[in-house]
Amino acid sequence: MKSEFDLVVIGGGPAGSTLACLAKKYNPGRRILILERDRFPRHHVGESTLPGMLPILDELGVTEKIANCGFVRKVGAVYVRRGQRPWSVPFRTTHSDRGRPAPPAKDYAWQVRRAQYDKVLLDHARESGVEAREGWAVRRTRLPSAADHPAILTVADPSGRELDIEAGIVADCSGQGGVLSRQLKVRSRLPELSNMAVYAYYRCDPFAHPHSGLFEESKIVLRYLRDGWLWFIPLSREIASVGFVCRRERLTNVAREGGLAALLDDRI
Ligand SMILES: Cc1cc2nc3c(=O)[nH]c(=O)nc-3n(C[C@H](O)[C@H](O)[C@H](O)COP(=O)(O)OP(=O)(O)OC[C@H]3O[C@@H](n4cnc5c(N)ncnc54)[C@H](O)[C@@H]3O)c2cc1C
C-alpha cells in the first residue's frame with residue numbers, strides 16, 4: 001500500500017524540525033511532513049541552550065541563521081548557594097560524562113527566545129524540502145496492522161475539520177504533548193524529576209546582575225533556596241527569564257489558591 005507521506009513528524013519544535021530536516025537531508029527523495037498544532041512564532045519555555053547542540057545546528061546547515069538572530073551568547077553557568085562562594089562553571093572546563101570523548105570543542109551556546117528560535121528551525125526545515133503545516137493537530141494515530149501497511153493519523157486542519165493522513169513512519173516529537181506515549185500508555189514519571197516551575201519574563205538590565213556576565217559572555221544563574229531553585233536567564237539587554245522550580249505537589253497547591261505570582265515574587 002502506498003503512503004501519502006514516507007515520514008510524518010508530530011510537532012514542529014526543535015526535535016521535530018531537526019528530525020525532519022535531517023531525514024530529508026539524507027533521503028532527499030522522500031516525502032516528509034511536519035504537523036504542528038500551534039502557529040509559529042509561539043511562546044515556549046526552555047531558553048538556555050547547551051554547546052552540545054552546536055554540531056547539530058551545523059549539520060542542519062542553520063548555524064548562520066541562528067547566529068544572526070541577535071541572541072545573547074552563553075559561556076556557562078553560575079551556581080549560587082547561601083553562605084558559599086558562587087560556583088562558576090564555564091563550558092570550556094566541562095567534559096562529557098561517563099568518560100566518553102568530548103564532542104568537537106565548542107565553548108559557547110545561546111540564550112534564545114524560543115518563539116524566534118523554533119520558527120527559524122521550522123522555516124529552515126521547510127527550505128530544506130520538508131512540508132510543514134501549522135495549525136494542524138494530531139488527534140489519533142492508528143498504527144499499522146502489518147509491516148508493509150501505513151499508519152493512519154487522524155488530524156484536525158486549521159478549520160477543525162478532521163481528515164486522515166497515511167504515513168510510512170510516524171515520529172512523535174510532540175514534547176510534553178506525548179501524543180503516542182499517552183495513546184500507547186507507556187508514559188511514566190520519574191519521581192526524582194517530579195518538579196514543576198513558575199516563571200515570568202522581567203523587564204530589567206539582566207547584565208546588572210552580579211553573576212550573569214556580559215551580552216557576549218553571559219551565564220545562566222542558578223540560585224538554590226530551601227524549597228527549590230531559581231533560574232535567571234538574560235534573554236536580551238532588556239529582558240530576563242526568571243523561574244522558580246520546586247516539587248510538583250507544592251506548586252499545584254499554590255496554583256489552586258491562585259498564589260503563583262506571589263510565590264515567584266517572594267522567592268525572587
Ligand atoms: C520549566 C522548564 C524549563 C526548561 N528550561 C530549559 C532550558 O533552560 N534549556 C533547555 O535546553 N531546555 C529547557 N527545557 C526543556 C525544553 O523546553 C525542551 O527540552 C524542549 O522544548 C523540547 O523540544 P521538543 O521539540 O521535544 O518539544 P517542544 O518544544 O515542546 O515541541 C513540541 C511541539 O509539538 C506540538 N504538539 C503537541 N501536541 C501536538 C499534537 N497533538 N499535534 C501536533 N502538534 C503537537 C506542540 O505545539 C509543540 O510545538 C525546559 C523545560 C521546562 C518544562
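First listed ligand is number 1; within each ligand, the first listed atom is number 1. Computed from heavy atoms alone, side chains included, the values below leave out hydrogens, waters and symmetry copies.
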Shortest non-hydrogen contact between Trp110 and Ala67, atoms and distance
CZ2-CA, 4.1 Å
Between Arg267 and Asp227, does any side-chain N to carboxylate O distance fall below 4.0 Å?
yes
Pair Glu134 + Lys119, salt bridge at N-O below 4.0 Å
no
Exercise answer: donor-acceptor pairs, residues 69-85 side-chain atoms, under 3.5 Å, sequence neighbours excluded:
{"from": "Lys74", "atom 1": "NZ", "to": "Ser48", "atom 2": "OG", "distance (Å)": "2.8"}
{"from": "Lys74", "atom 1": "NZ", "to": "Thr49", "atom 2": "O", "distance (Å)": "2.9"}

Lys65 vs Asp123, test: salt bridge (Lys or Arg N to Asp or Glu O under 4.0 Å). Steps then yes/no.
CA-CA 11 Å; Lys65 290 181 192 169; Asp123 287 345; over 6 Å; no
With under 30° as parallel and over 60° as perpendicular, where do the rings of His209 and Phe232 fit, or are they tilted in between?
tilted
Quick check on ligand 1: any N or O pairs to the protein under 3.5 Å? One line per pair.
{"from": "ligand 1", "atom 1": "8 (O)", "to": "Ser48", "atom 2": "N", "distance (Å)": "3.3"}
{"from": "ligand 1", "atom 1": "9 (N)", "to": "Ser48", "atom 2": "O", "distance (Å)": "2.7"}
{"from": "ligand 1", "atom 1": "17 (O)", "to": "Val45", "atom 2": "O", "distance (Å)": "3.0"}
{"from": "ligand 1", "atom 1": "17 (O)", "to": "Arg114", "atom 2": "NH1", "distance (Å)": "3.4"}
{"from": "ligand 1", "atom 1": "21 (O)", "to": "Arg114", "atom 2": "NH1", "distance (Å)": "3.1"}
{"from": "ligand 1", "atom 1": "21 (O)", "to": "Arg114", "atom 2": "NH2", "distance (Å)": "3.0"}
{"from": "ligand 1", "atom 1": "25 (O)", "to": "Pro14", "atom 2": "N", "distance (Å)": "3.2"}
{"from": "ligand 1", "atom 1": "25 (O)", "to": "Ala15", "atom 2": "N", "distance (Å)": "2.8"}
{"from": "ligand 1", "atom 1": "29 (O)", "to": "His44", "atom 2": "NE2", "distance (Å)": "3.2"}
{"from": "ligand 1", "atom 1": "29 (O)", "to": "Arg114", "atom 2": "NH2", "distance (Å)": "2.9"}
{"from": "ligand 1", "atom 1": "30 (O)", "to": "His44", "atom 2": "NE2", "distance (Å)": "2.7"}
{"from": "ligand 1", "atom 1": "38 (N)", "to": "Arg37", "atom 2": "NH1", "distance (Å)": "3.4"}
{"from": "ligand 1", "atom 1": "41 (N)", "to": "Val138", "atom 2": "O", "distance (Å)": "3.1"}
{"from": "ligand 1", "atom 1": "42 (N)", "to": "Val138", "atom 2": "N", "distance (Å)": "3.0"}
{"from": "ligand 1", "atom 1": "44 (N)", "to": "Arg37", "atom 2": "N", "distance (Å)": "3.2"}
{"from": "ligand 1", "atom 1": "47 (O)", "to": "Glu36", "atom 2": "OE2", "distance (Å)": "2.7"}
{"from": "ligand 1", "atom 1": "49 (O)", "to": "Glu36", "atom 2": "OE1", "distance (Å)": "2.8"}
{"from": "ligand 1", "atom 1": "49 (O)", "to": "Glu36", "atom 2": "OE2", "distance (Å)": "3.1"}
{"from": "ligand 1", "atom 1": "49 (O)", "to": "Arg42", "atom 2": "NE", "distance (Å)": "3.4"}
{"from": "ligand 1", "atom 1": "49 (O)", "to": "Arg42", "atom 2": "NH2", "distance (Å)": "2.9"}

